[in-house]
Amino acid sequence: MAAAVLTASAAPAAPARVQLGNRVLGAAVLGSAVVHLAVLALIPHAPLWTALLLAMTAWCLKCAWCVLRGGNALELLGMCAAMGAAHIAMVVGMPWFTGHHDGHAGHPASHAVPMLLIALMEFALMFASALVVRRRHAGAANAANLPVPAALSRP
């Protein structure tokens, strides 16, 4: 009896199945990284901004990899919120972003639309991340037979 219990507990756990929401969200974030690289290739940037854009893209890829493997999307949610806010700040010309695009205080009108579209994409990914996080936490509470907090319960 003890050997059976010991054998059962020593058996490796089956890998968790990656949810469809994680797959779709991870694929969308990979698409976002491609968009960032396209912007880098199509719109000239100063070396500092190029390095920053590459770092943001690397962060996108790290979060996408984590989410695609079934990880928590909470870090992705924060990253998308920060990136969306940064793009909005660059468009409206907040004081700390006046050096964007080779030192011009204002952006050419042609840059505003792509940057706003990227901000919209970031905020859409943030919202999708929140949905994945909500679903994961609600599912975990149901699996453990715990009451689901009101903020996570479905109406």
Side-chain angles (χ1 to χ4, degrees), residues 8-92 94 96-102 107 110-155:
S9 64
R17 194 171 72 102
V18 178
Q19 299 295 321
L20 177 63
N22 281 61
R23 290 183 192 153
V24 171
L25 181 60
V29 175
L30 287 176
S32 169
V34 169
V35 168
H36 280 90
L37 291 175
V39 166
L40 185 60
L42 298 174
I43 299 175
H45 289 80
L48 178 65
W49 287 104
T50 299
L52 184 62
L53 192 54
L54 287 172
M56 290 182 348
T57 304
W59 194 8
C60 268
L61 292 172
K62 179 217 169 274
C63 287
W65 178 252
C66 178
V67 170
L68 278 170
R69 296 188 57 196
N72 194 344
L74 199 55
E75 183 180 343
L76 177 63
L77 189 150
M79 187 246 344
C80 290
M83 296 303 157
H87 283 92
I88 295 294
M90 285 184 266
V91 169
V92 299
M94 299 301 277
W96 53 90
F97 283 120
T98 57
H100 188 66
H101 291 290
D102 297 324
H107 296 294
S110 62
H111 290 183
V113 172
M115 290 179 71
L116 287 173
L117 289 174
I118 289 173
L120 178 64
M121 175 186 66
E122 296 286 1
F123 289 137
L125 289 171
M126 178 188 72
F127 182 73
S129 299
L131 291 176
V132 168
V133 169
R134 175 182 180 250
R135 173 162 266 197
R136 174 181 217 149
H137 288 289
N142 288 339
N145 206 16
L146 298 172
V148 177
L152 297 176
S153 64
R154 295 180 187 185

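Note that the structure is predicted; figures quoted are calculated from it, not measured. Every heavy atom of this structure was used, including side-chain atoms; hydrogens, water molecules and symmetry mates were not.
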In this structure, CE of Met121 is separated from CD1 of Ile118 (nearest 0.5 Å) by 5.5 Å
Atom pair NE2 (His87) and CZ (Phe123), whose distance is rounded to the nearest 0.5 Å: 10.0 Å
If you look at every heavy atom in Cys63 and Leu76, which pair is closest and at what distance? CB-CD1, 3.7 Å
Atom CG of Leu68 and atom CG of Leu25: how far apart are they, to the nearest 0.5 Å? 8.0 Å
Shortest non-hydrogen contact from Ala112 toward Val91: O-CG2, 4.1 Å
Gap between atom CG of Leu37 and atom CG of Leu54 - 0.5 Å precision: 7.0 Å
With a 4.5 Å cut-off on side-chain heavy atoms, are Glu75 and Met79 touching? no
Side chains of His36 and Met56, heavy atoms from C-beta outward: is any pair under 4.5 Å? yes
Please report the interatomic distance SG(Cys60) to CG(Leu125), rounded to the nearest 0.5 Å. 8.0 Å
Atom pair OG/CE of Ser32 and Met83 - distance to nearest 0.5 Å: 9.5 Å
Derivation of the side-chain contact (heavy atoms from CB on, under 4.5 Å) call for Val67 and Val29: CA-CA 9 Å; Val67 170; Val29 175; over 6 Å; no
Under a 3.5 Å distance rule, please check whether Asn22 uses its side chain to pair with a backbone N or O of Gly71 as donor and acceptor. yes
Quick check: do Leu116 and Ile88 have side-chain heavy atoms less than 4.5 Å from each other? yes
